[in-house]
Amino acid sequence: MVTNKDIYDSALRMLAESCVEGDNDDYEERAPYLLAAFCTEAEDTDKALRQILSEPEGACFNAVYVPLNEQFPLLDRFSAAAAFYLAAMLVIDDNRELSDTLYDKYSDSMSRLCASVPALSGSISDRYYFS
């Protein structure tokens with residue numbers, strides 16, 4: 001089981017930053033908010049993948065803040081994309097080129113995850129009322 005801290009540490013390693021607690025206070029303060037944004041964005045894909053894989057529903061999470069010491073609320077297969085996203089967002093103001101590169105990797109990772117979700121069939125609502 002992956003924790004939010006595992007994803008944060010992975011993002012720090014991508015940025016060649018220290019993983020020692022207290023060395024990156026600014027990153028550590030922003031990470032829970034950025035991870036919540038990622039989870040909110042990927043939630044629908046996670047639900048579809050869980051349905052296809054017959055996995056139980058994911059845990060509820062706060063859409064604004066996910067504590068680093070808690071379990072990652074999405075399927076573990078989202079952790080690499082989450083780490084790329086987090087790393088990209090942590091350096092967006094300081095190193096735009098690196099942020100863009102990491103964001104591209106996040107996008108590629110999410111594209112692969114979305115491509116692995118087959119279409120789901122469901123009922124279609126009749127929106128046209130002809131008399």
Side-chain angles (χ1 to χ4, degrees):
M1 296 190 320
V2 176
T3 66
N4 295 322
K5 178 82 164 87
D6 294 333
I7 294 168
Y8 171 66
D9 287 345
S10 180
L12 289 178
R13 286 190 293 277
M14 287 180 203
L15 300 173
E17 295 284 348
S18 169
C19 292
V20 175
E21 194 169 325
D23 282 358
N24 296 293
D25 289 336
D26 177 53
Y27 288 169
E28 192 169 336
E29 183 178 327
R30 291 188 295 139
Y33 299 99
L34 295 169
L35 278 173
F38 170 82
C39 291
T40 301
E41 173 112 3
E43 186 174 22
D44 288 341
T45 306
D46 179 73
K47 284 180 182 176
L49 204 49
R50 285 177 186 275
Q51 184 178 356
I52 297 299
L53 299 173
S54 299
E55 291 281 337
E57 281 190 30
C60 290
F61 62 90
N62 184 316
V64 176
Y65 184 94
V66 291
L68 292 180
N69 61 350
E70 290 185 2
Q71 183 178 338
F72 183 56
L74 306 181
L75 290 168
D76 288 353
R77 61 182 62 199
F78 285 88
S79 62
F84 284 128
Y85 177 86
L86 179 57
M89 294 300 109
L90 287 173
V91 296
I92 196 166
D93 293 331
D94 301 326
N95 188 336
R96 188 63 171 192
E97 187 176 325
L98 177 58
S99 178
D100 288 348
T101 299
L102 292 165
Y103 194 85
D104 287 345
K105 291 179 186 252
Y106 149 72
S107 295
D108 290 344
S109 184
M110 285 303 294
S111 291
R112 283 190 302 277
L113 280 167
C114 289
S116 71
V117 178
L120 298 173
S121 63
S123 63
I124 298 174
S125 299
D126 183 5
R127 298 285 180 193
Y128 302 99
Y129 302 101
F130 296 106
S131 21

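- In this structure the side chain of Asn4 never reaches within 4.5 angstrom of the side chain of Phe61, judged on heavy atoms.
- In terms of heavy atoms, Lys5 sits closest to Cys19 at NZ-O, 4.2 Å.
- One N or O on the side chain of Thr40 and one on the backbone of Ala36 form a donor-acceptor pair closer than 3.5 Å.
- Between Glu28 atom CD and Leu90 atom CG the span is 11.0 Å, to the nearest 0.5 Å.
- In this structure, SG on Cys39 lies 10.5 Å from CG on Asn62, to the nearest 0.5 angstrom.
- Across Ala83 and Met14, no two heavy atoms sit closer than the pair CB-CE, 3.5 Å.
- Between Val91 and Tyr27, some side-chain heavy-atom pair lies under the 4.5 Å cut-off.
- Taking CG of Leu35 as the reference point, atom OH of Tyr8 lies at 10.5 Å (rounded to 0.5 Å).
- Linking ILVMFWY residues whenever their side-chain heavy atoms come closer than 4.5 Å, directly or via other members, leaves Ile7 and Tyr33 in distinct clusters.
- Between Lys47 atom NZ and Glu55 atom CD the span is 15.5 Å, to the nearest 0.5 Å.
- Counting heavy atoms from C-beta on, the side chains of Phe72 and Asp6 never come closer than 4.5 Å.
- In this structure, Arg112 does not pair ionically with Asp108, as no charged nitrogen and carboxylate oxygen lie closer than 4.0 Å.
- Taking all atoms of both residues into account, the shortest heavy-atom contact from Gln71 to Val2 is CG-O, 3.5 Å.
- Here the closest heavy-atom approach between residue Arg30 and residue Met89 is recorded as NH1-O, 3.8 Å.
- Leu53 and Leu74 fall within the same hydrophobic cluster, defined by Ile, Leu, Val, Met, Phe, Trp and Tyr side-chain heavy atoms under 4.5 Å apart, directly or through other members.
- Atom OG1 of Thr45 and atom CZ of Arg77 lie 12.0 Å apart (nearest 0.5 Å).
- A donor-acceptor contact shorter than 3.5 Å links the side chain of Asn95 to the backbone of Leu98.
- Between Leu34 atom CG and Glu29 atom CD the span is 11.0 Å, to the nearest 0.5 Å.
- Side chains of Phe84 and Tyr103 form no contact here, defined as non-hydrogen atoms less than 4.5 Å apart.
- Checked by atom type and distance alone, the side chain of Ser109 never pairs as donor or acceptor with a backbone atom of Lys105 at under 3.5 Å.
- No side-chain donor-acceptor contact under 3.5 Å links Asp104 to the backbone of Thr101.
- Taking every heavy atom of both residues into account, Ala88 and Leu102 meet most closely at CB-CB, 3.7 Å.
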* What do the steps show when you test Leu113 against Phe78 for side chain to side chain contact (heavy atoms under 4.5 Å, CB included), and what is the final call? -> CA-CA 8 Å; Leu113 280 167; Phe78 285 88; 3.5 Å; yes
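- Listed here is the closest heavy atom pair of Pro73 and Arg50: O-NH2, 3.4 Å.
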